[in-house]
There are 2 protein chains.
Amino acid sequence: MAAPAPEETETGTLHEQIVAKLRAVLLNGELADGARIPEAQLCLRFGISRTPLREALKVLAAEGFIELRPNRGSIVAPIDPVEVGHLFEMKGSVEHMIGRLAAVRATDVDAARIERAHAELGGHPDPAVYTALNQDFHRALAVATHNPVLVQTYDNLQKRVLRLRFVVNENPTRVAQSFGEHEGIMVAFRARARLDLAERLEEHNRLTGEAVRRALKGEGA
Amino acid sequence: MAAPAPEETETGTLHEQIVAKLRAVLLNGELADGARIPEAQLCLRFGISRTPLREALKVLAAEGFIELRPNRGSIVAPIDPVEVGHLFEMKGSVEHMIGRLAAVRATDVDAARIERAHAELGGHPDPAVYTALNQDFHRALAVATHNPVLVQTYDNLQKRVLRLRFVVNENPTRVAQSFGEHEGIMVAFRARARLDLAERLEEHNRLTGEAVRRALKGEGA
DNA sequence: CGACGATATTTTGCATTCAAAAATGACCCG
DNA sequence: CGGGTCATTTTTGAATGCAAAATATCGTCG
């Protein structure tokens with residue numbers, strides 16, 4: 001139960017590891033939206049005391065995953081459909097930028113990594129696996145811009161989107177459609193077509209956002 | 001001066017206040033780049049113990065203001081000229097987005113706030129004051145997009161840029177030039193000209209970025 | 001005189017502890 | 001039987017304490 005197995009997320013500082021583990025708990029949907037964060041339980045599970053856990057909570061709160069209520073504990077930040085729209089709108093702009101820059105700046109190493117991520121995606125049509133590999137693919141494109149500030153900004157948005165996957169990755173239709181869009185993205189990337197790549201990425205993001213919003217409405221929160 | 005107007009960022013939490021105060025210390029340039037963070041001293045100064053201060057340190061580290069070294073304390077994140085370029089490149093994209101959206105979505109209240117911020121800027125040509133009011137002006141434009149995720153992303157980038165002001169706000173020439181660009185921005189905004197506003201904002205950002213980079217090179221950091 | 005190494009001091013990171021606030025529940029009164 | 005008040009328990013937020021690591025100090029030797 002209290003698996004002391006070290007997760008593969010081996011970052012440097014112990015603090016970073018705690019943040020990563022805690023974020024994983026939130027992303028895995030183990031805790032329902034709006035649920036109180038069980039500090040003591042998590043301390044037991046991670047084998048740490050409350051001090052470092054609370055440090056991680058503050059960081060996650062600053063990132064928007066957790067809501068800190070004065071003297072009343074922290075809760076998992078509820079998913080607000082309106083905010084989801086804003087999130088995808090913002091990410092769309094970043095995607096466009098990624099397309100414009102990656103097309104021009106990608107090195108051979110970047111291209112190889114992107115091709116590999118794309119190929120792996122095709123081999124795993126399973127929605128759950130797809131989500132993870134999808135992240136790798138898009139992140140590889142972001143990295144190809146060679147702008148660390150962009151990568152950081154993108155990571156932050158992407159992590160927030162990831163919270164929503166459980167409502168959309170159950171949809172095989174969208175997964176197939178998504179992969180089709182990726183094919184188009186790759187065509188544009190291989191041709192190093194700046195604006196074409198930018199627009200395809202933005203459109204891909206827009207369609208994903210719509211799928212998510214539709215799923216959110218369908219599930220009736 | 002740094003008038004702490006009661007913005008929506010004025011959360012009641014003590015933690016948020018500590019983060020804000022600590023950030024202010026960093027932004028004021030009280031601590032040199034790469035300098036060790038004097039935990040004990042800051043605890044005395046803020047009248048708190050190390051626990052809440054360290055929570056704030058972790059948050060600031062996640063934001064990129066502080067570098068956390070394992071077992072060796074935290075240091076003020078050094079300014080990397082290359083990263084400054086990436087920072088402005090990223091911010092340029094966001095500025096463009098702000099222009100496109102603000103032109104369409106700004107309400108009368110937004111417009112009034114933007115006009116007021118612009119007018120105040122004209123009345124205070126003093127570089128030090130200009131910097132603070134300049135932030136208000138651009139933030140008002142960001143708020144007019146009515147996309148909180150964008151505002152949050154913009155705030156984060158803007159805060160990182162603010163660290164650099166001491167190298168550029170000593171330049172009256174650039175201040176005058178900057179205000180001239182603001183005039184053009186206002187013309188485009190009043191006309192609600194989407195792309196014109198977007199391009200003017202992006203160009204303004206680009207010029208500011210170049211001024212900063214030039215100043216950084218000049219000072220030979 | 002300078003470099004190296006052992007020891008003392010400080011600093012860091014985390015566990016523990018403690019006071020205050022909120023949630024819970026028991027009790028009383030209408 | 002329901003509503004409200006007060007005591008009890010739990011949880012939160014922050015100060016303190018403690019072991020380990022790093023830094024500084026000093027003595028010794030080449």
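Each chain gets a letter, A, B and so on, in the order its sequence line appears, and its residues count up from 1.
- The two residues A:Phe137 and A:Ala117 come nearest to each other via the heavy atoms CA-CB, 3.8 Å.
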For residues 61-72 of chain B, which side-chain donor-acceptor pairs fall under 3.5 Å, sequence neighbours excluded?
| unit_1 | atom_1 | unit_2 | atom_2 | d |
| --- | --- | --- | --- | --- |
| B:Glu63 | OE1 | B:Arg23 | NH1 | 2.3 |
| B:Glu63 | OE2 | B:Arg23 | NH1 | 3.1 |
| B:Arg69 | NE | B:Gly73 | O | 3.4 |
| B:Arg69 | NH2 | B:Arg72 | O | 2.6 |

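- Bounding nucleotides for the chain A contact on DNA chain D, 5' to 3', at a heavy-atom distance below 4.0 Å, are D:dT11 to D:dG13.
- Between the side chain of B:His86 and the backbone N or O of A:His146 there is at least one donor-acceptor pair closer than 3.5 Å.
- To the nearest 0.5 Å, the span separating CD1 on B:Ile18 from CD on B:Glu55 amounts to 7.5 Å.
- In summary, contact between chain B and DNA chain C, defined as any nucleotide atom under 4.0 Å from a heavy atom of the protein, begins and ends at C:dT11 to C:dG13 in the 5' to 3' direction.
- For A:Ser178 (side chain) and A:Arg174 (main-chain N/O), no donor-acceptor pair under 3.5 Å exists by modelled atom type.
- The side chain to side chain donor-acceptor pair (under 3.5 Å) analysis of residues 96-105 of chain B, with sequence neighbours excluded, yields the pairs A:Glu89-B:Arg105, B:His96-B:Arg100.
- Contacts between residues 33-46 of chain B and DNA chain D, defined by a heavy-atom separation under 4.0 Å, are absent.
- Judged purely by atom type and a 3.5 angstrom limit, B:Thr208 uses its side chain to pair as donor or acceptor with the backbone of B:His204.
- Below 30°, between 30° and 60°, or above 60°: for B:Tyr130 and B:His182 the angle between ring planes is between 30° and 60°, a tilted geometry.
- Side-chain contact check for A:Thr145 and A:Tyr154: no donor-acceptor pair (N or O, by modelled atom type) lies under 3.5 Å.
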*Check the pair A:Glu202 / A:Arg206 against salt bridge (Lys or Arg N to Asp or Glu O under 4.0 Å), numbers first and verdict last.*
CA-CA 6 Å; A:Glu202 189 174 16; A:Arg206 198 183 61 76; over 6 Å; no
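- For the pair B:Asp110 (side chain) and B:Val143 (backbone), a donor-acceptor distance under 3.5 Å is absent.
- Scanning residues 64-73 of chain A for heavy-atom distances under 4.0 Å to DNA chain C yields A:Asn71, A:Arg72.
- Remark: side-chain polar atoms of B:Arg163 are paired, donor with acceptor, to backbone N or O of B:Ala77 under 3.5 angstrom.
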